[in-house]
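Below is one structure, written out as structure tokens; comments come after it.
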Amino acid sequence: MTLDRVKKGQFFKINNIHNENVRSQAIRFGIAEGEWLSCEEVVPAGPIVIRKNRQQIALGRQLARLIDISLN
Amino acid sequence: MSHCHGCSIQIDIPEGARRIVLAGNPNAGKSVFFNYLTGMYVDVSNYPGTTLEISHGLLQGDVVIDTPGVYGISSFNDEERVARDVILTADVVINVVNAVYLERDLFLTQQIIDTGVPVIIALNMVDEAEKQGMTINNQLLSQLLGVPVIPTVAIKKQGMKEIKENIGQARSGQSDTELQKEMDKLVNRVGSRGEALLIMEGDATVAERHGLEPLNKREDIYLQRRQRVNQIVTHVVKDISKKTAFSNILSRMMIKPLTGIPILFLALYTMYQIIGVFVAGTVVGFTEETLMIGHFEPAVRSFVGNFISEQSTLGTILIGEFGLLTMTFTYVLGLLMPLVIGFYFFLSLFEDSGYLPRLATLVDRLLTSIGLNGRAVIPLILGLGCVTMATITTRLLGSERERRIAIFLLGLAIPCSAQLGVIAGMLASVGPEFVLLYSLVIFAVLVVVGTLMNSLLSGQSSDLLIDLPPLRVPRIHNVMTKTGIKSYQFLKEAFPLFALGALIISTFQVTGILVALQNILAPLTVNWLGLPKEAATAFIMGIVRRDFGAAGLAGMPLTSIQTVISLITITLFVPCIASILVMFKERNKKEALLMWVSTWVIAFLIGGIVAQLSALLGVATPAQVFTVMAVVIALTALVIVGVRLFKKQNIQSNSTSKGVV
């Protein structure tokens, strides 16, 4: 499934980020493919906020559609 | 002047002086270090080819250079390009690292270390990390990175002296052995390890400097670097407590619409109460009327009157109604200065608390519909401070398309702090239904123009990808310093422009041009907008500065609806000279000119429509004012639906024609 369908509180693994620029920038923020993260918040029709340790990142809904994830 | 590969930043480096560069992620505390190291001696240069300003100052014969806060030096935006060039030519880099966000910040640290420049690390905010239950082993961190690490709490001046004394201890750190080998192969050809690294990371500009093709190894290097950083962090950080702090709960509440929107309104309402009611009323009442008009102006008039008659031409220009020595000082110091200080105080509070990125997340959905993403809320809010400054910060937006939309909306519909102050003051004298009408019209224009641009401009806007820093209680000292610096910058910029405006207006007055212009513009001001013909003076003043125009209106006897119409027109009216200049600098001439002309047309068109509607439907009772509002909403909805349908049809006809081909 893709990241835009994740629910608040769920843990998930990033399988693939289908955008080279986003992939690089996510790595800098500490988020890479293959890592386990949690969903902090889902803004209705808006961004998804994900968390890894103390790091929180908000991703736009369109962008979340380009990220493949799997749940545990 | 020191040699610098292609970056040619205009800084005079004395013979034998070292270039000490401060680098770090956004909000790591670099500026506190910069101020400590350079004292008051600070110079600001424009970085060539950009409007980014780089501060530099002296430290015992060496030059300290600040860089913009970045997450890496990989040319994702202008800030990164500037930071890259300054870091590549550094003799020493002081890397300021936020201890709470070690995992994120060390990515930049390792990238800088990989460039081979000598580094010393200021591990900042260790007190906050401790409070959150983190213990960081500094010695081990220093050992693993291969560079000195000094724990600091910059705002309490802890560890600052040690940094200053140990700059000479900075050294090149450790890179991954594989990466090191790869770089060594390239170093012979390009002459420096830093340039070799960036070419390998696929930096086109650096590669071009050496006539090479960029190598596409960015992702491999990044992944390897991320792994290395993660390992270091697991080794040096212990005891992470996982308790849910109140700040976490608040952070969530700010992001969710259900609670986030009320929080936003509460923040705006507090701002309005303090700036619009208290500062604009009580404080300005004292500074403008009692202090400036009551004491300052008579003193200046009687002093100058000793030498020149007030009725003479020179007298009118110096101490007349729009006098250089009277009105300029009263407006800038008595009226605008308190309002501007109030606004920058709030802006600094928002910035330092970490609220802005959360606001960006909250409004992302809304801004997507006008072709922007949530990040654009930052320039739009900064625009409420100063449109000129905000126009420059649109550089943080992801695409040219977004910059175009944001810059135009800033010039058109975002009133700057000084203007906002005057507007708030004037709105305080009309009924709440009129305040609502004003806000509704400005908001409707913002939405309609944004939707139109989003539909008509080709291409797609970028998506939101933003780091949410920790929420924290702003340090009052820091907020005060920021407010002071920004207000001073405003004063420096506004004063000459105001003086120029006063000079132009009083010259017009003396030569009779003012009355002539008022008469020429009468069909527009009197017939179309329903204002007294003297309002033309305010518009002419508004060309110099919008707040100047608004201030001109403040002195006029206007009815409630006239106040609203004049404020709508002056808000949408052309931005001030300074922001026009920046607009021309940031965009090409044709585009900037088109934007400028459009603001004139839209301002008078919308002001006129509201005036005609009010005349037609009446505004004597609140119910009638609400009817006008309902019509405005209906018109807005009509345009938006029309634009959407048009776009849909266009896409369909495009795809059918493609199908035929």
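We name chains A, B, ... by the order of the sequence lines, and we start the count at 1 in each one. This is a predicted model, so every value here is computed, not measured.
Scored by the salt bridge (charged side-chain N to carboxylate O under 4.0 Å, His left out) test, A/K52 finds A/E35, B/E103 as partners (sequence neighbours excluded).
Contacts between A/V42 and chain B at a heavy-atom distance below 4.5 Å are absent for every atom of the residue. Neither the backbone nor the side chain of B/V229 comes within less than 4.5 Å of any heavy atom of chain A. Only the side chain of A/E41 comes within less than 4.5 Å of a heavy atom of chain B; its backbone N, CA, C and O stay farther away. If you measure heavy-atom distances from A/R23 to chain B, the contacts under 4.5 Å come from the side chain alone. Only the side chain of B/N230 comes within less than 4.5 Å of a heavy atom of chain A; its backbone N, CA, C and O stay farther away. With a threshold of 4.5 angstrom between heavy atoms, B/S74 approaches chain A through its backbone and through its side chain. Neither the backbone nor the side chain of B/N373 comes within contact range of chain A, judged by heavy atoms closer than 4.5 Å. For B/Y222, the parts lying under 4.5 angstrom from a heavy atom of chain A are both the backbone and the side chain. Looking at B/R104, both its backbone and its side chain come within 4.5 Å of chain A, counting heavy atoms on both sides. Both the backbone and the side chain of A/N21 come within contact range of chain B, judged by heavy atoms closer than 4.5 Å.
Closest of all the heavy-atom pairs between B/I255 and B/L362 is O-CD1, 3.2 Å. Across every non-hydrogen atom of B/I113 and B/S175, the tightest pair is O-OG, 4.1 Å.
Contact check on A/D4 versus A/R61 returns no salt bridge, with no Lys/Arg side-chain nitrogen under 4.0 Å from an Asp/Glu carboxylate oxygen. Classification of B/R225 and B/E201 as a salt-bridged pair holds, one side-chain N sitting under 4.0 Å from a carboxylate O.
Each of B/L464, B/V363, B/I405 was compared with B/L372 under the side chain to side chain contact (heavy atoms under 4.5 Å, CB included) criterion, and only B/I405 meets it.
Contact check for B/T115 versus B/I73: side-chain heavy atoms found under the 4.5 Å cut-off.
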